[in-house]
Q: 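The structure's right below; bear with me while I get my questions together.
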Amino acid sequence: MKTSEKTNLLDLDRHGLEMFFAEIGEKSFRTSQILKWVYQFGVCDFDAMTNLSKALREKLKDIAEIRLPEIVSEHRSHDGTIKWVLRIDNLNCIETVFIPEAERGTLCISSQVGCALDCDFCSTAQQGFNRNLSTGEIIGQLWIANHAMGATPRDQRHISNVVLMGMGEPLLNFDNVVSAISLMLDDDAYGLSKRRVTLSTSGVVPALDRLKEICDVSLALSLHAPDDALRDILVPLNKKYPIAEVIAACKRYIDNGASRRKVTVEYVMLAGVNDSDEHAKKLARLLRSLPSKVNLIPFNPFPRTVYKSSSQERIDAFREILLKNNITAITRKTRGDDIDAACGQLAGQVMDRTKRQQRKQNQVGAI
Ligand code: SAH
């Protein structure tokens, strides 16, 4: 893929586009026109943007472009889940997953190429990390999914919800993620309600505090353990931001919202690791003061992992304890596991800069 000197308009949110048009001496209403063409009508060819003057179209062709990731492959699960592998440059591919349900269609998007966090039970972590995705590469995943599913102009109803739960830690790619979210919410672009956009994080405390000042999307916290000793192992970021600090930051986040909302607490069920009655009771105590609903996620396996999922009976018993303690809890249905599209199974193709892939392979070799 050739790199280009032109400005990729997908990298600019409303504010960025307004600055772009001001710089080339155009009125700010051009911003709404471009947003509608690109995101509502799915048009990326400047020549087809008929309400722009001929001169402006020629100018845009010279200095700007609308450059999307390329679909490498599309995989369809027997349950209707679709996974796309997207090439974003010569070295790297990311993954995006669409999960249809009766009442909604959820697109699970990636925010980074690989992940810099090293959660032991997550396939993305095994890939290492290459770089942050640009705003265009993040919002481009919505464009591509809509297009691939044949959404007609203005009819974006395939995708009613977006979750930043794919590859990467969104709060470690703060600016680009915030710009992409603002396009998801912008009425001239995708116009999603903030309740239908969910950012999932392992708990980057300072970034959570920054986010609450800027935007107010739904929040999911990857907790996975009820005490610091265990979470230090499963989610190493915990050593930097321990549970009490993360929970306090989540409270500040939802207290800030105009309407009081709940945090979704994600808890992957690992047999013999974090799934005992005692863990459930500790979790209930921990969450007593946080308006939350727990999503229990059966562990999805991937090559060379040492973990196994808890049995259905164990997950049910764990959930019962939470319910008895007045904590809302559901078990997340596994979707798309036959095409490696389930939670924690996204791998893409990452040119690892951290040498993590190599280290992990050496470790396995040494056992
Ligand atoms: N870095 C962010 C975004 C990734 S979200 C975060 O940590 O929240 C991906 C979700 O899937 C997280 O809750 C993650 O912990 C969970 N997950 C990761 N690996 C998994 C696996 N193998 N099985 C089930 N869930 C997994």
Side-chain angles (χ1 to χ4, degrees), residues 115 117-126 163 165 169 171 198 200-205 208 219-251 262-335 337 342-346 360 363-364 367:
C115 191
L117 306 181
D118 195 8
C119 303
D120 216 17
F121 54 87
C122 179
S123 175
T124 305
Q126 318 303 309
V163 293
M165 285 187 193
E169 169 48 56
L171 290 185
T198 302
S200 178
T201 179
S202 291
V204 187
V205 169
L208 257 175
L219 183 66
L221 170 68
S222 290
L223 188 61
H224 309 310
D227 60 64
D228 284 324
L230 181 55
R231 195 164 189 265
D232 279 352
I233 298 169
L234 297 178
V235 183
L237 184 70
N238 196 67
K239 293 181 205 147
K240 196 158 182 193
Y241 305 116
I243 292 178
E245 285 181 31
V246 173
I247 300 268
C250 288
K251 275 189 210 154
K262 291 183 173 181
V263 175
T264 302
V265 171
E266 297 166 285
Y267 196 99
V268 63
M269 296 297 289
L270 304 169
V273 175
N274 64 354
D275 65 345
S276 70
D277 288 357
E278 216 30 64
H279 289 123
K281 287 177 198 158
K282 259 192 183 171
L283 181 62
R285 275 199 297 278
L286 184 66
L287 297 180
R288 222 167 4 206
S289 63
L290 178 71
S292 56
K293 51 175 189 283
V294 176
N295 270 11
L296 300 175
I297 314 174
F299 170 71
N300 295 305
F302 52 87
R304 290 193 294 273
T305 178
V306 295
Y307 294 105
K308 290 202 169 53
S309 179
S310 313
S311 66
Q312 190 58 53
E313 297 76 61
R314 184 82 300 265
I315 297 176
D316 291 344
F318 195 95
R319 182 167 162 261
E320 273 309 310
I321 294 174
L322 295 177
L323 294 177
K324 264 198 205 112
N325 285 277
N326 296 319
I327 305 287
T328 314
I330 57 155
T331 303
R332 192 181 283 175
K333 203 161 172 267
T334 299
R335 299 288 302 266
D337 51 335
C343 298
Q345 291 188 317
L346 301 189
K360 301 237 174 205
Q363 278 166 11
V364 171
I367 293 169

Q: So which heavy atom on L287 is nearest to which on V294, and how close?
A: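 Where L287 meets V294 most closely, the heavy atoms are CD1-CG2, 3.5 Å.
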Q: Does the side chain of I330 come within less than 4.5 Å of K293's, by heavy atoms?
A: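 Not in contact.
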Q: Can a donor-acceptor pair be found, under 3.5 Å and without considering hydrogens, that links the side chain of R231 to the backbone of L223?
A: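 Yes, because the side chain of R231 sits within donor-acceptor range (under 3.5 Å) of the backbone of L223.
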Q: Of all the heavy-atom pairs spanning P226 and L286, show the shortest one and how long it is.
A: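 That would be O-CD2, 3.9 Å.
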Q: Of all heavy-atom pairs between A284 and N325, which one has the smallest distance, and what is that distance?
A: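 Looking at all heavy atoms of both residues, the closest pair is CB-CB, 3.7 Å.
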Q: Less than 4.5 Å apart, any side-chain heavy atom of V235 and any of L117?
A: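 No, every pair of side-chain atoms sits at 4.5 Å or beyond.
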Q: Which heavy atom of A329 sits nearest a heavy atom of L323, and at what distance?
A: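 What the structure gives for the nearest pair is N-CD2, 3.8 Å.
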Q: Report the distance from atom CG of D228 to atom NZ of K239, rounding to the nearest 0.5 Å.
A: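 One gets 11.5 Å once the value is rounded to the nearest 0.5 Å.
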Q: Rounded to the nearest 0.5 Å, what separation is found between the CG atom of L221 and the OG1 atom of T264?
A: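 Here the interatomic distance stands at 9.5 Å.
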Q: Evaluate the ring planes of F121 and H224, with Trp represented by its six-membered ring, and classify them as parallel (under 30°), tilted (30 to 60°) or perpendicular (over 60°).
A: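 Ring orientation of F121 relative to H224: perpendicular.
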Q: Side chains of V204 and Y241: does their closest heavy-atom pair fall under 4.5 Å?
A: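 Yes, side chains in contact.
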Q: Is any side-chain heavy atom of T305 less than 4.5 Å from a side-chain heavy atom of F299?
A: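 Heavy-atom side-chain distance check passes, below 4.5 Å.
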Q: May I ask you to test the I243-N238 pair for a side-chain heavy-atom distance under 4.5 Å?
A: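 I243 reaches N238 side chain to side chain.
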Q: Hey, does L219 have a side-chain heavy atom less than 4.5 Å from the side chain of L208?
A: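 L208 vs L219: side chains touch.
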Q: For D275 and A271, work out which heavy atoms get closest and say how close.
A: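 Closest pair (atom of D275, atom of A271, distance): OD2-CA, 3.4 Å.
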Q: Passes side-chain contact (heavy atoms from CB on, under 4.5 Å), K251 versus S289? Steps please.
A: CA-CA 9 Å; K251 275 189 210 154; S289 63; 3.0 Å; yes
Q: Determine whether K282 and D277 satisfy the following criterion, salt bridge (charged side-chain N to carboxylate O under 4.0 Å, His left out), listing intermediate values before the conclusion.
A: CA-CA 9 Å; K282 259 192 183 171; D277 288 357; over 6 Å; no
Q: Which heavy-atom pair separates E266 from S222 by the least distance, and what is that distance?
A: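 Result for this residue pair: OE1-OG, 3.2 Å.
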Q: If you measure from CD1 on I297 to OG on S309, what distance do you get to the nearest 0.5 Å?
A: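 I297 CD1 to S309 OG: 10.5 Å, rounded to 0.5 Å.
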Q: For the CG atom of L237 and the CG atom of D232, what is their distance to the nearest 0.5 Å?
A: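 Spacing of CG (L237) from CG (D232) equals 10.0 Å.
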Q: Just verifying a value: how many Å separate M269 CE and T331 OG1, rounded to the nearest 0.5 Å?
A: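 If we round to the nearest 0.5 Å, M269:CE and T331:OG1 are 8.0 Å apart.
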Q: How long is the span from the OG atom in S276 to the NZ atom in K281, to the nearest 0.5 Å?
A: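 If I round to the nearest 0.5 Å, the distance is 8.5 Å.
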Q: Has N274 got a side-chain atom pairing as donor or acceptor with A225's backbone, closer than 3.5 angstrom?
A: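 No; judged by distance alone, with no hydrogens or angles, the pair does not exist.
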Q: Is there side-chain contact between V273 and I233, with heavy atoms separated by less than 4.5 Å?
A: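 No, side chains not in contact.
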Q: Quick one: does L283's side chain get under 4.5 Å of I327's, heavy atoms only?
A: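 The answer is no, as the side chains (C-beta and beyond) never meet within the 4.5 Å cut-off.
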